[in-house]
Amino acid sequence: MTTSGLGTFPATRLRRLRATSWRRRLVRETVLTADDLVQPLFVVEGTGVRDAIATLPGNHRLSIDQAIKAAQEAHDLGIPALALFPVVDAGLKDEQGREAVNPKNLLCRAVTAIKKAVPDIGLICDVALDPYTIHGHDGIFEGDDVVNDKTVEVLVKQALVLAEAGCDVVAPSDMMDGRIGAVRSALEKNGLVNTMIMSYAVKYASAFYGPFRDAVSSKATLGTKGKHTYQMDFGNSDEALREAMLDVAEGADMIMVKPGMPYLDVLAKVKANVNVPVLAYQVSGEYNMLMIAGANGAFDQAAAMREALVAFKRAGAAAIFTYAAMDVARALAGKS
Ligand code: PBG
């Protein structure tokens, strides 16, 4: 800030800038648009399925035909991209998460079908094994912990089948070391040079993922063993910079900080130190809190949501993953 911003009362009365709606709109620094939003979608097997997710009000597990409809609507609302997550049948889960690398798995089929029906919406897919493993962890076990390098080998294959299916952005959310470089070189080798990598570089071991694990049914299987040996310790933020810088060096096009609202300090710090787009995830537990508190009459739910999302942008987010994306975009378009 320059010293010209410093004034003394009464020459400077900051309320002058706030006195009317037009003045506030004229000088507002941060504005939220549909372009800032990414809608997560959960896909399941079947047709005509719209299975409400109790802990994520307004969100459903959708069969591919229904996901296509949602993608069309999101596109019509001006939402640039969707984040797709599979809800995998229990019978297809195993110790190694083998279904993750099946080129005909549910997520690959969903990607191809949505891309064909709505070619202009971006598709972002998680690269991690948790929807596919019986233990609900993001990688393969050896002894009593997830083993890094063998997991990375599988993640590379998973990223490739997704990219081949038409996924625009592969998003490793597993927090293994070295996976960005490995995925980037595999994409290059296979001629998939325009497939982007959005690294969940800064992902904390967080209690706020509860409803998501419920949605993809990895919660029960995960039990009480947390993901603390690979996801970050929430006491740290210098480490977030190391994670982010390393992943940019390995070839990440974009970086994710997650969770969101309790970590806006980390988001601002990362944004100040890396020159790639930094995205944020308003994760399932945050969304749940805002929705439940709103439903309980604690506050105007839509107003609180809008305020939270603007805060993400103000802290430096290029875009925000939120389960409210379509609702917010509808409201922004005057359609709700
Ligand atoms: C899995 C994954 C998680 C989320 C996105 N990808 C959960 C986890 O790491 O256990 C959480 C998203 C949310 O809570 O909204 N790798």
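If you read the sequence from its start, that first residue is 1, and numbering goes on from there. Whatever order the structure lists them in is the order used to number ligands and atoms, beginning at 1. Because the structure is predicted, anything quoted here is derived from the model rather than measured.
To the nearest 0.5 angstrom, Arg23 atom CZ is 9.0 Å from Arg16 atom CZ.
The aromatic ring centroids of Phe141 and His135 lie less than 6.0 Å from each other. For Phe234 and Tyr263, the distance between ring centers is not under 6.0 angstrom.
Counting heavy atoms closer than 4.0 Å to ligand 1, residue Val283 contributes atoms from both its backbone and its side chain. Contacts with ligand 1 closer than 4.0 Å are made by no heavy atom of Tyr200, backbone or side chain. Residue Ser284 touches ligand 1 through backbone and side chain together, judged by heavy-atom distances below 4.0 Å. Under 4.0 Å from ligand 1, not a single heavy atom of Asp174 appears.
For ligand 1 and Tyr281, the ligand atoms under 4.0 Å from any heavy atom of the residue are 12 (C), 15 (O). Contact atoms of ligand 1 toward Lys227: 8 (C), 9 (O), 10 (O) (distance under 4.0 Å to a heavy atom of the residue). Residue-ligand proximity, Gln231 to ligand 1, at heavy-atom distances under 4.0 Å covers atoms 8 (C), 9 (O). Distances below 4.0 Å separate heavy atoms of Lys258 from the following atoms of ligand 1: 2 (C), 3 (C), 4 (C), 5 (C), 6 (N), 11 (C), 12 (C). Within ligand 1, the atoms closer than 4.0 Å to a non-hydrogen atom of Lys203 are 1 (C), 2 (C), 3 (C), 6 (N), 8 (C), 9 (O), 16 (N), numbered from 1 in the order shown. Distances below 4.0 Å separate heavy atoms of Ala128 from the following atoms of ligand 1: 16 (N). Near Ser173, meaning under 4.0 Å from any of its heavy atoms, are these atoms of ligand 1: 1 (C), 6 (N), 16 (N).
Under a hydrophobic clustering in which Ile, Leu, Val, Met, Phe, Trp and Tyr are joined whenever their side-chain heavy atoms come within less than 4.5 Å, directly or via other members, Val101 and Val127 fall into the same cluster. Taking hydrophobic clusters as Ile, Leu, Val, Met, Phe, Trp and Tyr residues chained together by side-chain heavy-atom distances below 4.5 Å, Val156 shares a cluster with Val147. Taken together through direct or relayed side-chain contacts under 4.5 Å among Ile, Leu, Val, Met, Phe, Trp and Tyr, Tyr281 and Met326 form parts of separate hydrophobic clusters.
Inclusion of Arg213 in the set of residues having an N or O under 3.5 Å from an N or O of ligand 1 is warranted. Residue Asp138 places at least one N or O, backbone or side chain, under 3.5 Å from an N or O of ligand 1.
Look at Glu45 and Arg109 and you find a salt bridge, because one of the NZ, NE, NH1 or NH2 atoms lies within 4.0 Å of a carboxylate O, short of that distance.
Looking only at protein heavy atoms, the nearest one to atom 1 (C) of ligand 1 is Asp130 OD2, 2.9 Å. Nearest protein neighbour of atom 6 (N) of ligand 1, counting heavy atoms only, is Asp126 OD2, 2.9 Å.
Annotation: side chain of Arg330 is in contact with side chain of Leu77 (closest heavy-atom distance under 4.5 Å). Annotation: side chain of Met232 is not in contact with side chain of Lys203 (no heavy-atom distance under 4.5 Å).
When the options Tyr287, Tyr323, Phe212 are ranked by their closest heavy atom to atom 15 (O) of ligand 1, first place goes to Tyr323.
Members clustered with Leu246: none, using a 4.5 Å side-chain heavy-atom cutoff among hydrophobic residues.
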